[in-house]
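Below you'll find the structure, written out as structure tokens, and then a few comments.
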Protein chains: 2
Amino acid sequence: MYQGNTGVTAEVTAPDTKPGCEQAHNEDPACTVRQVLDRVGGKWSIGILVEASNGPVRFTELERSLDGISRRMLTLTLRNLERDGLLVRTVYPTVPPKVEYAATPMARELYDSLTALTSWADRHRDDIAVARADYDRAHSN
Amino acid sequence: MYQGNTGVTAEVTAPDTKPGCEQAHNEDPACTVRQVLDRVGGKWSIGILVEASNGPVRFTELERSLDGISRRMLTLTLRNLERDGLLVRTVYPTVPPKVEYAATPMARELYDSLTALTSWADRHRDDIAVARADYDRAHSN
DNA sequence: CAGTATCCCAGCAGATACTG
DNA sequence: CAGTATCTGCTGGGATACTG
């Protein structure tokens, strides 16, 4: 029985004990996918992962790369990615402070896995556009 | 420049004209991924896609399979998936009415692409659990 | 520079009553 | 059976001022 996701990235840091498909070993493929999506489904997670995959990046660097992100969300998303072991945070005790975020091997693997999705999206971009146009035309009356 | 997602599944039917990376041909891999996630990132989309991949399913059938889903969200998600060309809705004008939802080839392809993610999740389930435990321990003081 | 602390809101999602 | 219509809440996410 599929039970949906858990509520995406929690504000404070999700208590990972909620009813549903987040037990350690659930065979349902849908649940497994949802676990990944819950982890990187946030608005900025993927973008950060991509930036950090090209080598360590600094806070302000990310702030400039991710157009429109707020300081709040940048911090929050970084913390969650770090917590899940996808990023490593390194503080250089200099003045002014310097902090670098680096993607872990696990994160790079994840990024590679995501290429299957980019491939799908590339192949069906136009199909989807057509489908939407058809649907909207058929339902506009 | 990565610009995040657009706001996920729209309530009424998203106007697909928003600032960011949703233009027809954006090369940024992060943006491409986001487009897919925006499409199937909803709480119930994947679950529905999975169910419908085993053959046509009826509304009430889905309602029972997807534990905790509300009629409203089921309808909304079905409509969006249909609009994107991932599901085909067939109405049999009988009494009582019978409606079937079937996954399109495009949806099956998507589902196959998602296996890369399930694989990743399976491989790193434990790593993530450990990372979280470590993080939480290190930050509880 | 790299955050934290607040305030605030849009819209996703739940519950429920009604209908062709 | 297969929805639609409402009302309401939650929370992801934006803006911004302040700080070690």
Side-chain angles (χ1 to χ4, degrees), chain A residues 3-15 18-20 34 37-48 56-82 87 89-101 139, chain B residues 3-15 18-20 34 37-45 47-48 56-80 82 87 89-101 139:
Chain A
Q3 306 203 10
N5 70 2
T6 55
V8 199
T9 321
E11 188 74 31
V12 180
T13 277
K18 286 181 189 160
R34 274 251 56 90
L37 294 188
D38 287 351
R39 197 152 287 116
V40 297
K43 185 171 178 178
W44 304 103
S45 303
I46 302 277
I48 292 177
V57 281
R58 303 181 58 174
F59 190 89
T60 310
E61 238 180 297
L62 284 169
E63 198 172 14
R64 274 190 295 265
S65 305
L66 308 171
D67 190 44
I69 195 173
S70 63
R71 270 195 163 66
R72 188 183 114 85
M73 284 318 296
L74 180 52
T75 303
L76 232 51
T77 309
L78 285 171
R79 292 291 172 274
N80 279 314
L81 292 175
E82 188 196 354
L87 289 182
R89 179 170 178 272
T90 310
V91 183
Y92 298 92
T94 58
V95 180
K98 172 177 174 179
V99 179
E100 278 186 345
Y101 294 88
H139 293 78
Chain B
Q3 307 202 9
N5 71 1
T6 54
V8 200
T9 322
E11 187 75 31
V12 181
T13 277
K18 286 183 189 158
R34 275 251 54 91
L37 294 188
D38 287 351
R39 199 151 287 116
V40 298
K43 186 171 179 179
W44 304 104
S45 304
I48 291 177
V57 280
R58 303 181 58 174
F59 189 90
T60 310
E61 239 180 297
L62 285 169
E63 199 172 12
R64 274 191 293 266
S65 305
L66 309 171
D67 190 44
I69 195 172
S70 63
R71 270 194 163 67
R72 188 184 115 83
M73 286 316 296
L74 180 52
T75 303
L76 233 51
T77 310
L78 285 171
R79 292 291 171 275
N80 280 314
E82 187 196 353
L87 288 183
R89 178 171 178 271
T90 310
V91 183
Y92 298 92
T94 57
V95 180
K98 172 178 175 179
V99 179
E100 279 187 346
Y101 294 89
H139 292 80

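Worth saying up front: this structure is predicted, and the values here are computed from it rather than measured. Each chain gets a letter, A, B and so on, in the order the sequences are listed, and its residues count up from 1.
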Tell me: [atom1] of [X] to [atom2] of [N], nearest whole Å?
X: B/I69; N: C/dA13; atom1: CD1; atom2: P; answer: 10 Å
X: A/L76; N: D/dA15; atom1: CG; atom2: P; answer: 15 Å
X: A/L74; N: D/dG12; atom1: CG; atom2: P; answer: 17 Å

> B/K43 has a side chain; which of C/dC1, D/dG13, C/dG14 sits nearest to it?
Replying inline: C/dG14
> Pick one: which of A/L66, A/V57, A/V40 meets side chain to side chain contact (heavy atoms under 4.5 Å, CB included) with A/I48?
Replying inline: A/L66
> A/I46 and B/R34: side-chain contact (heavy atoms from CB on, under 4.5 Å), yes or no, with the steps?
Replying inline: CA-CA 8 Å; A/I46 302 277; B/R34 275 251 54 91; 4.3 Å; yes
> For B/G41, does its backbone N or O pair with a side-chain atom of B/S45 as donor and acceptor, under 3.5 Å?
Replying inline: no
>> Pairs counted only when both distances fall under 3.5 Å, Watson-Crick or G-U: show me the 5' to 3' dot-bracket for DNA chain D, [ ] for pseudoknotted crossings and | for other-strand partners.
In response: ||||||||||||||||||||
>> Counting primed atoms plus P, OP1 and OP2 as sugar-phosphate and everything else as base, spell out the protein contacts along nucleotides 2-8 of chain D at 4.0 Å heavy-atom distance: B, S or - for each nucleotide, 5' to 3'.
In response: BBB-B--
> Could you go step by step and tell me if A/R89 and A/V91 meet the side-chain contact (heavy atoms from CB on, under 4.5 Å) rule?
Replying inline: CA-CA 7 Å; A/R89 179 170 178 272; A/V91 183; 3.6 Å; yes
> What are the two closest heavy atoms between B/F59 and B/R71, and how far apart are they?
Replying inline: CZ-O, 4.2 Å
> Do B/W44 and B/L76 pass the side-chain contact (heavy atoms from CB on, under 4.5 Å) test, and can you show the C-alpha distance, the side-chain angles, and the key distance before you say yes or no?
Replying inline: CA-CA 10 Å; B/W44 304 104; B/L76 233 51; over 6 Å; no
